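Read the structure below first, then the notes.
The residues of the chain are indexed from 1 along the displayed sequence. If you're wondering where the values come from, they're calculated on a predicted model, not measured in any experiment.
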Amino acid sequence: MLDESARLMTVLRPVRAGNAFEETVERLLQAIKLGVVPPGGKLPPERELAVRLGISRVTLREAIRALSDAGYLDVRRGRYGGAFVTYEPPAPDARDLRQAVAEMGRDDLADALTFRLAVECGAAQVLAGTELAGERRALLLRRLTELNEASLEDYRRLDTAFHLSIAELTGSTLLTTACADARSRVSDLLNAIPMLQVNLDHAAVQHRAIVDAILAGDPDAARRAMTEHLEGTAALLRAFLA
């Protein structure tokens, strides 16, 4: 069964040798900002991370130290030590949203939203075309339930977990990696959107429609449901930027 460790290992894929330090920081930061390792959570052991990322432990320690200095990690020594996530997404604020878009640029934002639409709709379509039974079916339903029952503080993290689980359940590492990359490109923007109950209720209906189409084995319906959901999110972004 897929678990948090499996999702973390998907995000923390091997880095390229030429930019080992920079890419290690990027991979770890992506895992932190996507909530794959939640606030207060502990990164995997140093040896395991170094092997997974294909880097030396020296490079890993330098990257962890940089993220610690930047306030994303708390490194503790001793028997119960390790690198613990201290980062928590800031409270939603439309002003932060405008600032994030200004830093990204509207052309890059449009590109990021198009990329996300392509890969996540593709993942939903592919998954709906596979036989989903047993533990895999239960996992998708559990992710949906966790999201529906999430507190406002945990909503974005569990929303990410739900969306990534659709890609993960296809069994394609490349597709899951693409979906994680797409999500990370807009994560700061999504975190900045004010949490309005009417929007959360609407999203819950859309999430249910996506899951129903996948479990019914209807690829076209799954793609349509995911398209409607992601286009709705994009419209919400534009509304707060108007």
(message) Angle between ring planes, His163 versus His229, binned at 30° and 60°: parallel, tilted or perpendicular?
(response) parallel
(message) Nearest 0.5 angstrom please: Arg116 CZ to Asp111 CG, how far?
(response) 14.5 Å
(request) Mind running side-chain hydrogen bond (donor to acceptor under 3.5 Å, both in side chains) on Gln99 and Glu103 for me, showing each step along the way? (result) CA-CA 6 Å; Gln99 179 62 32; Glu103 293 173 357; 2.9 Å; yes
(message) For a quick test of reading the model, state the closest non-hydrogen atom pair linking Thr86 to Gly71 and the distance between them.
(response) OG1-O, 2.8 Å
(request) Mind checking side-chain contact (heavy atoms from CB on, under 4.5 Å) for Ala128 and listing every partner two or more places apart, or none if nothing turns up? (result) Ile214, Pro219, Ala222
(request) Determine yes or no for a side-chain-to-main-chain donor-acceptor pair under 3.5 angstrom, with His202 supplying the side chain and Val198 the backbone. (result) no
(message) To the closest 0.5 Å, what do you measure between CG (Leu215) and CG (Leu141)?
(response) 5.5 Å
(message) Rounded to the nearest 0.5 Å, what separates atom CG in Leu147 from atom OH in Tyr155?
(response) 4.5 Å
(message) Looking at Gln197, I'd like to know if its CD atom is crowded, meaning that more than 12 non-hydrogen atoms belonging to other residues, nucleotides or ligands lie closer than 6.0 Å.
(response) yes
(request) Considering non-hydrogen atoms only, spot the tightest contact between Ala123 and Thr170 and give its length. (result) O-CG2, 3.7 Å
(message) Going by the rule side-chain hydrogen bond (donor to acceptor under 3.5 Å, both in side chains), which residues pair with Arg76 if we only count those two or more places apart in sequence or in a different chain?
(response) Asp74
(message) How close do Gly122 and Arg223 get, counting heavy atoms only, and between which atoms?
(response) CA-NH2, 3.6 Å
(message) Keeping Lys42 on the side-chain end and Gly81 on the backbone end, is there a donor-acceptor pair under 3.5 Å?
(response) yes
(request) Indicate yes or no for a side-chain donor-acceptor contact from Arg136 to the backbone of Leu169 under 3.5 Å, with no hydrogens or angles considered. (result) yes
(message) Quick check against the 3.5 Å criterion: does Thr59 have a side-chain atom that pairs as donor or acceptor with the backbone of Phe21?
(response) no
(request) Could you state whether Leu175 and Leu139 fall into the same hydrophobic cluster, counting links through intermediate Ile, Leu, Val, Met, Phe, Trp or Tyr residues with side-chain heavy atoms under 4.5 angstrom apart? (result) no
(request) Of all the heavy-atom pairs spanning Leu34 and Thr160, show the shortest one and how long it is. (result) O-CG2, 3.5 Å
(message) If I compare all heavy atoms of Ala50 with all of Leu60, which pair ends up nearest, and what's the gap?
(response) N-CD2, 3.8 Å
(message) If you compare all heavy atoms of Arg47 against all heavy atoms of Arg57, which two are closest, and at what distance to 0.1 Å?
(response) NE-NH1, 3.7 Å
(message) Quick one: does any side-chain atom of Arg156 pair with a main-chain N or O of Leu190 as donor and acceptor, under 3.5 Å?
(response) yes
